[in-house]
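Since the structure comes first, as C-alpha cells, the remarks are kept for the end.
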Amino acid sequence: MELFFTVTPAVDPERRQAVVGGLQAVLPGGQVDVSPDGTALRVVLPPTTDRFAAVDALTFRLQDLGFTALEMRRPAPPPPMYAPPMYAPPRKQPRTVRLSVFLISLISSLLVCAILMFSVGMVFMSIYQDSQTLGTEGTEGYSGKIGLIDQIFSDYALYDTNGDLLLDSMLKAYVAATGDKYAAYYTQAEFDALMAENGGELVGIGITVTESVAPVGIMIISVMKNSPAAAAGVRAGDVITVVGEGENAINVAEAGFDVASAALRGEEGTVAHFKVLRDGAEIPFAITRARVEYESVTGRVSETDQTVGIVSITQFMTNTPAQFKAEMERLITAGCTSFVFDVRNNPGGDLKSIIAVLSFFLNKDDLIVTVVNKDGSEEKHLCAPVSYDDDYATCSVREADIGKYRQYGLAVLANGYTASAAELFCAVLRDYSLAPIVGTTTYGKGVLQHVFSLESFGYSGGVKLTTGYYNPPSGVNYDGIGVAPDGAETPLDDAVKNKNIYLLTEAEDNQLQAAIAAAKQ
C-alpha cells in the first residue's frame with residue numbers, strides 16, 4: 001500500500017537523506033521517496049502494517065524533524081496490463097473533474113445513497129431506519145435528493161461515469177468524513193489482503209529491507225525462516241544492487257530505492273532475479289516467489305550478557321503467540337534467564353493475539369483487558385484456557401502455558417511509535433509489576449476497532465471502525481496519553497536517533513542497554 005504526503009517547508013537536498021532515514025526508522029521495511037522539489041513524499045508500507053498507525057507515526061516523525069505533513073488521497077491504480085492504452089479514444093470523452101471537487105460536491109448526497117442501499121431489509125443497517133436523514137443530524141430528504149441527482153446525470157451528463165468507482169469512492173469518503181481516524185472501507189481485494197495480512201501471510205521471497213547508502217542499494221534487514229530467500233541462501237546484511245536480468249535489469253543506484261524495491265515484488269510462482277553485494281563480491285539470485293509466513297517475532301542472545309534474551313515483536317498477528325513461544329523456548333534452552341521485549345515501532349494488532357501472548361505471564365483468572373462498548377457495557381477478558389479451531393487456532397491458550405514465563409527477569413522497551421495492542425502489552429506487565437517499561441512514552445491509542453465483512457449481507461468488501469475503549473487492569477485508559485516508562489525517559493542518543501533502530505548495533509543502542517540493565521534488576 002502506498003501513502004502520499006505534501007510537506008511544508010520543502011525538504012532541502014542536504015536534508016533529504018536525514019528525512020528518509022528518520023521516516024524509515026519508524027517504518028522498518030518501508031520505502032520512502034522525496035519528490036525532486038522536496039514538497040511531496042511517497043511511502044510504500046511493508047506488509048501487515050496498519051495504514052492508520054503508519055500515517056500517525058510518519059506525521060509525528062516529520063513534526064519532530066521540523067516539517068508539517070498532510071496526507072494526500074491515494075491515486076487510482078494503473079490500468080491492468082490487458083486494458084487498452086491510455087491514449088486510445090474512448091466511446092465518450094472521459095471525465096476530467098478533479099477528485100477534490102467531486103468529493104466536495106457529492107459527499108453530502110451521493111455517498112448516502114450507497115449507505116442507504118445497505119439498509120434495505122437488513123438488521124445490520126437498522127441504524128438507518130429513517131431513510132430521509134444521514135447520521136443523527138440530517139435535515140434534507142437524502143434518498144429523494146440522490147435520486148434526483150442520479151437522474152440528472154443519467155439524462156444530461158456528457159461524460160460516462162463508473163458506477164463501481166463511484167460507489168467505492170463514496171464509501172471511502174463517508175468513512176473519512178466520520179472523523180474516526182482508524183476507520184476504513186475496503187474493497188473486496190483490499191479486504192482479502194487485510195485478512196491475509198492479519199494471519200501473517202504474504203507473497204514474496206521473505207525478506208525485510210531498508211535503504212542502504214554505502215553501498216547504495218537495498219539492504220536486507222532480516223530473512224524470514226522457511227522462506228524462499230532463506231532456502232536460497234540470502235543473508236541479513238546483503239545489499240541488493242541490481243533487480244531483474246538482461247534488458248530488464250534495474251540498477252538500484254540509478255533507478256532509486258522505490259523503483260527497485262517495487263520490482264522485487266510480484267505474483268506467486270514468478271521469479272525474482274537480483275544481485276547482492278556481500279563482502280565485496282556480487283552474487284546473483286533467482287528465487288521463486290511464494291506465500292510466506294510473516295515473522296512478527298524474532299529473538300537473539302544479548303552480545304553483552306549471555307543470560308539475557310532479546311525478543312523483538314513487530315506486530316501482534318494471529319501467528320504471533322506461536323512464534324513468541326518458540327523464540328522464548330529457544331532462548332531459554334540457550335541459557336537465558338532474563339528477557340527484554342522490544343516493542344518499539346510496534347503498531348499493535350489483534351486482540352486475541354495479545355491476550356494469548358500475555359497469558360504466558362499471568363495467573364489464571366487475572367484480568368487482562370476490559371472493553372467498554374458504545375452503550376457503556378463492559379466485556380472483561382480474563383486469563384483462561386481457550387481453544388479455537390478456525391483462523392485463530394494459533395491464538396489458543398493451553399492451561400500449561402498460563403504463567404509459563406512469569407518467573408523470569410523481564411523488561412519492556414517501547415517508544416512513541418509503540419501503539420494499540422503493543423501498549424496494552426506494556427500496561428498489563430506494568431500493572432502486575434512483572435516488568436518495568438524502558439524507553440519513551442508510547443503513542444496513546446486506547447480504542448478498539450472491529451472489522452466487519454459485508455459478504456453475509458450480499459455485498460463485497462468490508463469496513464473497519466472504532467467500537468469502544470479498552471482499559472488495562474488498572475482501569476486507567478491511555479488513549480491520547482500513552483503509557484509512560486518507569487522513571488525518566490530514555491531517548492536514543494543524538495548520534496543515532498535518525499538511524500533505523502533495526503540497524504543499530506547493541507553498543508549503539510542506549511535504549512536497549514538500559515532495558516537489559518532493568519531486566520537484570
Side-chain angles (χ1 to χ4, degrees), residues 1 28-29 45-51 53-54 191-208 221-231 236 268 289-300 309-332 339 341-361 368-369 381 383 385-398 400-402 404-405 418-425 428 448-451 453 464 502:
M1 179 180 293
L45 300 183
T48 75
T49 301
D50 183 278
R51 173 186 180 277
F191 186 78
D192 292 342
L194 177 71
M195 293 297 99
E197 289 173 1
N198 186 54
E201 185 181 81
L202 56 89
V203 172
I205 61 173
I207 58 175
T208 303
I221 298 174
S222 64
V223 180
M224 299 173 194
K225 298 186 184 81
N226 304 316
S227 67
E268 182 178 7
R289 300 177 179 95
R291 294 192 177 276
V292 180
E293 181 182 19
Y294 183 79
E295 274 187 354
S296 58
V297 184
T298 56
R300 61 183 175 85
I310 301 167
V311 181
S312 296
I313 311 172
T314 58
Q315 199 163 348
F316 288 94
M317 298 181 290
T318 59
N319 62 354
T320 301
Q323 291 185 2
F324 180 81
K325 181 180 178 180
E327 284 301 309
M328 289 293 292
E329 293 300 315
R330 184 180 67 82
L331 293 172
I332 291 170
F339 295 90
F341 302 123
D342 188 349
V343 291
R344 290 176 295 182
N345 298 353
N346 184 322
D350 191 271
L351 180 62
K352 291 180 180 177
S353 173
I354 183 62
I355 287 175
V357 172
L358 285 168
S359 295
F360 288 117
F361 302 97
I368 297 178
V369 61
H381 296 267
C383 180
V386 61
S387 179
Y388 303 106
D389 57 5
D390 53 12
D391 293 340
Y392 282 96
T394 50
C395 293
S396 299
V397 177
R398 299 190 312 161
D401 288 335
I402 292 177
K404 188 178 182 70
Y405 306 127
T418 301
S420 193
E423 292 177 282
L424 182 62
F425 180 78
V428 171
L448 181 74
Q449 288 73 45
H450 273 84
V451 178
S453 170
K464 178 179 74 172
Y502 295 99

List the atom of [X], the atom of [Y], and the distance in Å for their closest heavy-atom pair.
X: Gly204; Y: Pro228; value: O-CG, 4.0 Å
X: Thr298; Y: Glu327; value: C-OE1, 3.9 Å
X: Val223; Y: Ala236; value: CG2-N, 3.8 Å
X: Ile402; Y: Val397; value: CG1-CG1, 3.9 Å
X: Arg291; Y: Val203; value: NH1-CG2, 3.8 Å
X: Ser396; Y: Tyr388; value: OG-N, 2.9 Å

Determine whether a donor-acceptor pair (N or O, by modelled atom type, separation under 3.5 Å) exists between the side chain of [X] and the backbone of [Y].
X: Arg330; Y: Gly299; answer: yes
X: Thr418; Y: Val343; answer: yes
X: Asn346; Y: Ala422; answer: no
X: Glu295; Y: Lys225; answer: yes

(message) Run the side chain to side chain contact (heavy atoms under 4.5 Å, CB included) test on Ser359 and Ile368 for me, step by step, so that the C-alpha distance in whole Å, both residues' side-chain angles and the decisive distance to 0.1 Å come before the verdict.
(response) CA-CA 8 Å; Ser359 295; Ile368 297 178; 4.1 Å; yes
(request) Tell me, with the steps shown, if Val357 and Phe324 meet side chain to side chain contact (heavy atoms under 4.5 Å, CB included). (result) CA-CA 7 Å; Val357 172; Phe324 180 81; 4.2 Å; yes
(request) Find out whether Asp401 and Pro321 are in side-chain contact, i.e. whether some heavy atom of one side chain is under 4.5 Å from a heavy atom of the other. (result)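 No, their side chains stay 4.5 Å or more apart.
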(message) Within the 4.5 Å heavy-atom criterion, are Pro347 and Gln315 side-chain neighbours or not?
(response)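 SC-SC contact between Pro347 and Gln315 confirmed.
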(request) Kindly state each residue pair satisfying salt bridge (charged side-chain N to carboxylate O under 4.0 Å, His left out) with at least one member in residues 351-361, sequence neighbours excluded. (result)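 Checked against salt bridge (charged side-chain N to carboxylate O under 4.0 Å, His left out) - neighbours excluded - no pair reaches residues 351-361.
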(request) Go through the side-chain N and O atoms of Ser296 and Thr314 and say whether any donor and acceptor fall under 3.5 Å apart. (result)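 Their side chains do not contain a donor-acceptor pair, so the 3.5 Å distance test is not met.
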(message) For a quick check under 3.5 Å, do Gln323 and Tyr294 share a side-chain donor-acceptor pair by atom type?
(response)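 Per modelled atom types, Gln323 and Tyr294 side chains form no pair under 3.5 Å.
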(message) Using side chain to side chain contact (heavy atoms under 4.5 Å, CB included), reason through Tyr392 and Asp350 one step at a time and then give a plain yes or no.
(response) CA-CA 10 Å; Tyr392 282 96; Asp350 191 271; 2.7 Å; yes
(message) Can you tell me how the ring of Phe360 sits relative to the ring of Tyr405, calling it parallel under 30°, perpendicular over 60° and tilted otherwise?
(response)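 The rings of Phe360 and Tyr405 sit tilted, inter-plane angle from 30° to 60°.
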(request) For the pair Phe361 and Phe425, name the ring-plane relationship: parallel under 30°, tilted 30 to 60°, perpendicular over 60°. (result)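 Perpendicular: the ring planes of Phe361 and Phe425 meet at over 60°.
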(message) Suppose we screen for side chain to side chain contact (heavy atoms under 4.5 Å, CB included). Which residues come up paired with Val451, at least two apart in sequence or across chains?
(response)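 Only Phe191, Leu194, Met195, Lys464 meet the side chain to side chain contact (heavy atoms under 4.5 Å, CB included) criterion with Val451.
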(request) Test side chain to side chain contact (heavy atoms under 4.5 Å, CB included) on Val297 and Val311 and set out the steps. (result) CA-CA 7 Å; Val297 184; Val311 181; 3.7 Å; yes
